[in-house]
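Treat the numbers as computed from the prediction; the structure is a model and nothing was measured.
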Amino acid sequence: NAGVTQTPKFQVLKTGQSMTLQCAQDMNHEYMSWYRQDPGMGLRLIHYSVGAGITDQGEVPNGYNVSRSTTEDFPLRLLSAAPSQTSVYFCASAERGARGEQFFGPGTRLTVL
Amino acid sequence: GENVEQHPSTLSVQEGDSAVIKCTYSDSASNYFPWYKQELGKRPQLIIDIRSNVGEKKDQRIAVTLNKTAKHFSLHITETQPEDSAVYFCAATPYNQGGKLIFGQGTELSVKP
């Protein structure tokens with residue numbers, strides 16, 4: 001049972017490039033979320049999903065796109081990377097009907113030059 | 001939407017002393033309040049949580065209190081140890097938005113031997 005996995009661990013992009021951060025979980029959790037973490041600002045919710053085919057915006061969705069075609073996978077797409085998107089990105093999952101306890105992936109450190 | 005404020009941003013205590021971190025939230029619909037600990041370079045990990053129908057919960061040296069009327073909740077760590085040094089985050093969410101945690105800004109706790 002791998003839990004929540006994320007790839008890549010590190011990524012450097014140039015301004016304007018696009019890329020997809022991968023997230024997968026093997027716990028059959030219905031809820032999945034993406035957060036970004038910046039110094040002094042905690043974890044901010046980007047997008048979340050309550051099940052396959054259903055996504056919604058969080059606190060800071062601009063510049064990011066998500067889709068949820070399967071229960072297991074929840075990729076995050078950066079459409080045109082900007083230096084302001086330099087951050088650590090965490091994916092998390094939670095079980096439906098549970099109290100909301102989320103399990104986090106190991107994170108992806110992204111630098112946009 | 002929900003907004004969570006956390007104080008203090010940094011906290012330094014001597015080993016064996018108690019530490020208290022406070023959070024306030026804005027959305028009266030929120031009814032699940034977890035606390036996460038994040039060590040340097042690691043993912044956030046749940047340490048304790050509380051639901052809105054409970055005023056206090058304790059787990060060994062860690063306790064959380066909730067005042068729904070005032071919309072604030074606190075983390076109490078007694079007999080602190082150097083391994084308690086980390087960043088602590090509070091969060092809030094309504095039940096039916098499982099996975100949609102809104103986090104406070106974090107508190108960096110330093111326990112000096």
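The distance from the OG atom of A/Ser49 to the NZ atom of B/Lys100 is 13.0 Å, given to the nearest 0.5 Å. Here the CD-CG distance, from A/Glu101 to B/Asp49, works out to 6.5 Å after rounding to the nearest 0.5 Å. Note: A/Arg44 CZ to B/Ile102 CD1 = 11.5 Å, rounded to the nearest 0.5 Å. Atoms CZ and CD, on B/Arg43 and A/Gln102 in that order, are 13.5 Å from each other to the nearest 0.5 Å.
When heavy atoms are compared at a cutoff of 4.5 Å, A/Gln37 approaches chain B solely by way of its side chain, counted from C-beta outward. For chain A, no part of B/Gln45 is nearby; none of its heavy atoms comes within less than 4.5 Å.
Looking at A/Leu43 and B/Tyr36, their side chains never come closer than 4.5 Å, going by heavy atoms from C-beta outward.
Taking every heavy atom of both residues into account, B/Gln38 and A/Phe90 meet most closely at NE2-CZ, 3.6 Å.
The contact list for residues 4-12 of chain A toward chain B, using heavy atoms and a distance under 4.5 Å, reads A/Val4 by residue number. Among residues 103-113 of chain A, the residues having any heavy atom closer than 4.5 Å to a heavy atom of chain B are, in sequence order, A/Phe104, A/Gly105, A/Pro106.
Criterion: ILVMFWY side-chain heavy atoms under 4.5 Å apart, direct or through other members. Under it, A/Met32 and A/Met27 are not part of a common hydrophobic cluster. One hydrophobic cluster holds both B/Val87 and B/Ile62 under the rule that ILVMFWY side chains link at heavy-atom gaps under 4.5 Å. Hydrophobic cluster membership is shared by A/Phe74 and A/Met19, with clusters built from Ile, Leu, Val, Met, Phe, Trp and Tyr side chains linked at under 4.5 angstrom. At a threshold of 4.5 Å between side-chain heavy atoms, the hydrophobic network of Ile, Leu, Val, Met, Phe, Trp and Tyr places A/Val66 and A/Leu79 in two separate groups. Transitive grouping of hydrophobic side chains (ILVMFWY, heavy atoms separated by less than 4.5 Å) keeps B/Tyr25 and B/Val20 in distinct clusters.
When the salt bridge (charged side-chain N to carboxylate O under 4.0 Å, His left out) test is applied to B/Lys22, no partner is found at least two apart in sequence or on another chain.
Residue A/Ile54 places its CD1 atom among more than 12 non-hydrogen atoms of other residues, nucleotides or ligands, all under 6.0 Å distant. Environment of CD in B/Gln60: sparse, with no more than 12 heavy atoms of neighbouring residues, nucleotides or ligands closer than 6.0 Å. A/Gln17 CD: more than 12 foreign heavy atoms inside a 6.0 Å radius.
Taking B/Ala91, B/Gly1, B/Gly104, B/Pro44 one by one and counting their heavy-atom pairs under 4.5 Å with chain A, the maximum is reached by B/Pro44. Chain B forms more heavy-atom pairs under 4.5 Å with one residue of A/Asp56, A/Val88, A/Leu45 than with any other, namely A/Leu45.
Judged as a side-chain hydrogen bond (donor to acceptor under 3.5 Å, both in side chains), the pairs with a partner in residues 102-111 of chain B (not counting sequence neighbours) are, in order, B/Glu5-B/Gln105, B/Gln6-B/Thr107.
In this structure a side-chain-to-backbone donor-acceptor pair under 3.5 Å is present from A/Tyr35 to B/Leu101.
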